[in-house]
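One structure below.
Atom set for the values below is all heavy atoms of this structure, side chains included, hydrogens, waters and symmetry mates excluded.
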Amino acid sequence: MKAKKQSHILAYIVLIAGIFLMLIPLAVTLISSFKSTADITGNFFGLPKEWTLSNYERLFTDGISTYFMNSTFMTVVSVGLIILVIPMAAFSIARHMDRKKIFSIMYTLLIIGMFVPFQVIMLPMSKLMSDLGMTNLPGLTVLYLTYAIPQTLFLYVGYIKTIVPTEMDEAAAIDGAGKFTMYWKIIFPLMKPMHATVLIINALWVWNDFLMPLLVLNRDNSLWTMPLFQYNYQGQYFSDYGPSFASYVVGIIPILIVYLIFQKNIISGMTSGSVK
């Protein structure tokens with residue numbers, strides 16, 4: 001009993017230490033966004049001598065609102081399409097893969113994409129997007145939907161096979177519901193925990209992604225997303241740290257709010273969707 005209590009105490013100590021390690025960079029970033037550059041370089045970990053909003057004022061003068069809206073558009077539209085389109089394919093595959101081999105083959109081919117490193121295909125992808133004239137925000141949205149298929153399909157298929165029984169399909173058919181009505185009225189609402197999981201995973205990915213926007217959007221600075229703006233902004237004002245820290249805070253807040261709202265569902269969704 002004593003050994004068990006000691007192990008619990010040790011676990012709490014490790015968890016508390018981990019919390020501090022994660023919160024310290026966030027706190028330093030937040031505090032530094034209210035400090036002048038001279039104050040940051042002279043006293044990096046300390047509180048500001050004088051709290052100032054000039055860093056944020058400068059950000060909005062330099063047009064951060066445009067890049068914020070670009071990222072918002074990308075995230076909302078991409079995640080919306082992912083949650084609308086991929087579950088339909090997952091439902092069809094989950095209901096037929098045990099009886100029809102073609103669905104099982106299709107599922108295997110699609111989830112193989114999880115094991116292909118992005119670096120292997122980024123140059124052909126960039127050339128293809130350029131040839132198709134899709135080096136814009138709608139084109140990048142389609143790209144995000146495409147790259148979300150392997151992992152998201154894997155989660156939804158596992159969730160449907162585990163949580164949503166086939167008896168629901170049969171009961172809906174007996175009541176006269178067609179396939180479309182059955183899916184939208186019965187099956188889709190039952191997948192709410194998985195929707196929340198997929199929303200968090202993909203919203204974090206799309207909002208924070210740097211590499212795909214760099215390859216697709218970097219030719220036109222009016223199309224930059226927040227990570228691209230932060231990268232180029234830091235390069236332009238390399239020695240002026242205050243506005244850079246303020247841009248990090250602006251980029252963190254929206255996705256942090258989304259995560260706090262939906263984080264309760266992510267554990268249940270992940271465990272239900274990844275185990276048959």
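The shortest distance between side-chain heavy atoms of Thr52 and Asp39 does not fall below 4.5 Å. Here the side chains of Phe188 and Ile83 are in contact, with some heavy-atom distance below 4.5 Å. Using a 4.5 Å cut-off on side-chain heavy atoms (C-beta onward), Ile93 and Tyr156 make no contact.
Scanning for side-chain contact (heavy atoms from CB on, under 4.5 Å) contacts around Ser126 gives Leu215, with sequence neighbours left out. Among residues two or more places apart in sequence or in another chain, the side-chain contact (heavy atoms from CB on, under 4.5 Å) test is passed with Ile16 by Phe20. Partners of Thr29 by side-chain contact (heavy atoms from CB on, under 4.5 Å), not counting sequence neighbours, listed by chain and number: Phe245, Tyr248, Val249. Applying the ring pair (Phe, Tyr, Trp, His ring centres under 6.0 Å) rule to Phe210 yields the partners Tyr231; only residues at least two apart in sequence or on another chain are considered. Qualifying side chain to side chain donor-acceptor pair (under 3.5 Å) partners for Ser71, counting only residues two or more places apart in sequence or in other chains: none. Annotation: side-chain contact (heavy atoms from CB on, under 4.5 Å) contacts of Val258 (sequence neighbours excluded): Leu199, Phe262. Not a single side chain to side chain donor-acceptor pair (under 3.5 Å) links Trp207 to another residue, sequence neighbours left out.
From Leu53, atom CG reaches atom CZ of Phe34 across 6.0 Å, with rounding to the nearest 0.5 Å. Atoms CE and CG, from Met74 and Leu217 in turn, are 7.0 Å apart once rounded to the nearest 0.5 Å. Atom-to-atom distance recorded for Met122:CE and Met125:CE is 8.5 Å, nearest 0.5 angstrom. Residue Thr66 holds its OG1 atom at 10.5 Å from CZ of Phe60, rounded to the nearest 0.5 Å. Here Gln151 contributes atom CD and Ile82 contributes atom CD1; the two are 10.0 Å apart, rounded to the nearest 0.5 Å. Rounded to the nearest 0.5 angstrom, Thr75 OG1 and Ile255 CD1 are separated by 6.0 Å.
Looking only at distances, a side-chain donor or acceptor of Thr41 sits under 3.5 Å from a matching main-chain atom of Ala38. Side-chain N or O atoms of Asn55 include one that pairs as donor or acceptor with a backbone N or O of Ser33 at under 3.5 Å. Between the side chain of Lys35 and the backbone N or O of Tyr241, no donor-acceptor pair lies under 3.5 Å. Side chain of Tyr183 to main chain of Met88: a donor-acceptor pair is present (N/O by atom type, distance under 3.5 Å, no hydrogens or angles).
Nearest approach of Lys161 to Asp98, heavy atoms of both residues: NZ-OD2, 2.8 Å. Nearest heavy atoms, Gly158 versus Thr162: O-OG1, 2.7 Å. A pairwise comparison of heavy atoms in Ile160 and Ala94 identifies CG2-CB, 3.8 Å as the closest pair. Between Pro87 and Met191, the shortest heavy-atom distance links the atoms CB-CE, 3.9 Å. What you find for Asn202 and Ala148 is that their closest heavy atoms are OD1-CB, 3.7 Å.
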**Q.** Trace of the side-chain contact (heavy atoms from CB on, under 4.5 Å) decision for Ile64 with Phe229
**A.** CA-CA 8 Å; Ile64 193 175; Phe229 167 73; 3.6 Å; yes

Q) Can Asn218 and Asn232 be said to form a side-chain contact (heavy atoms from CB on, under 4.5 Å), step by step? A) CA-CA 10 Å; Asn218 205 34; Asn232 288 284; 3.9 Å; yes

**Q.** Residues Lys185, Phe180; criterion side-chain contact (heavy atoms from CB on, under 4.5 Å); working and verdict
**A.** CA-CA 8 Å; Lys185 297 291 186 181; Phe180 187 82; over 6 Å; no

Q: Verify side-chain contact (heavy atoms from CB on, under 4.5 Å) between Tyr56 and Val250, making sure each step is shown before the conclusion.
A: CA-CA 9 Å; Tyr56 291 95; Val250 173; 4.0 Å; yes

I'd like a table of donor-acceptor pairs (distance under 3.5 Å, sequence neighbours excluded) in which one partner is a side-chain atom from residues 99-115, with atom names and distances.
unit_1	atom_1	unit_2	atom_2	d
Arg99	NH2	Arg95	O	2.8
Thr108	OG1	Ser104	O	2.9

Under 3.5 Å, side-chain donor or acceptor atoms of residues 137-147 against the rest of the protein: list the pairs with distances, not counting sequence neighbours.
unit_1	atom_1	unit_2	atom_2	d
Thr141	OG1	Leu137	O	2.9
Tyr144	OH	Asp209	OD2	2.8
Thr146	OG1	Val142	O	2.9

Using a 3.5 Å cut-off and no angle test, enumerate the donor-acceptor pairs between side-chain atoms of residues 44-51 and protein atoms at least two apart in sequence or in another chain.
none

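Summarising the hydrophobic clusters (Ile, Leu, Val, Met, Phe, Trp, Tyr; side-chain heavy atoms under 4.5 Å, direct or chained), the residues clustered with Ile9 are Ile13.
Pairs of residues two or more places apart, or lying in two chains, that qualify as side-chain hydrogen bond (donor to acceptor under 3.5 Å, both in side chains) and include a residue from residues 127-136 are Lys127-Asp131, Ser130-Arg219.
Residue-environment remark: CZ (Phe118) exceeds the threshold of 12 foreign heavy atoms within 6.0 Å.
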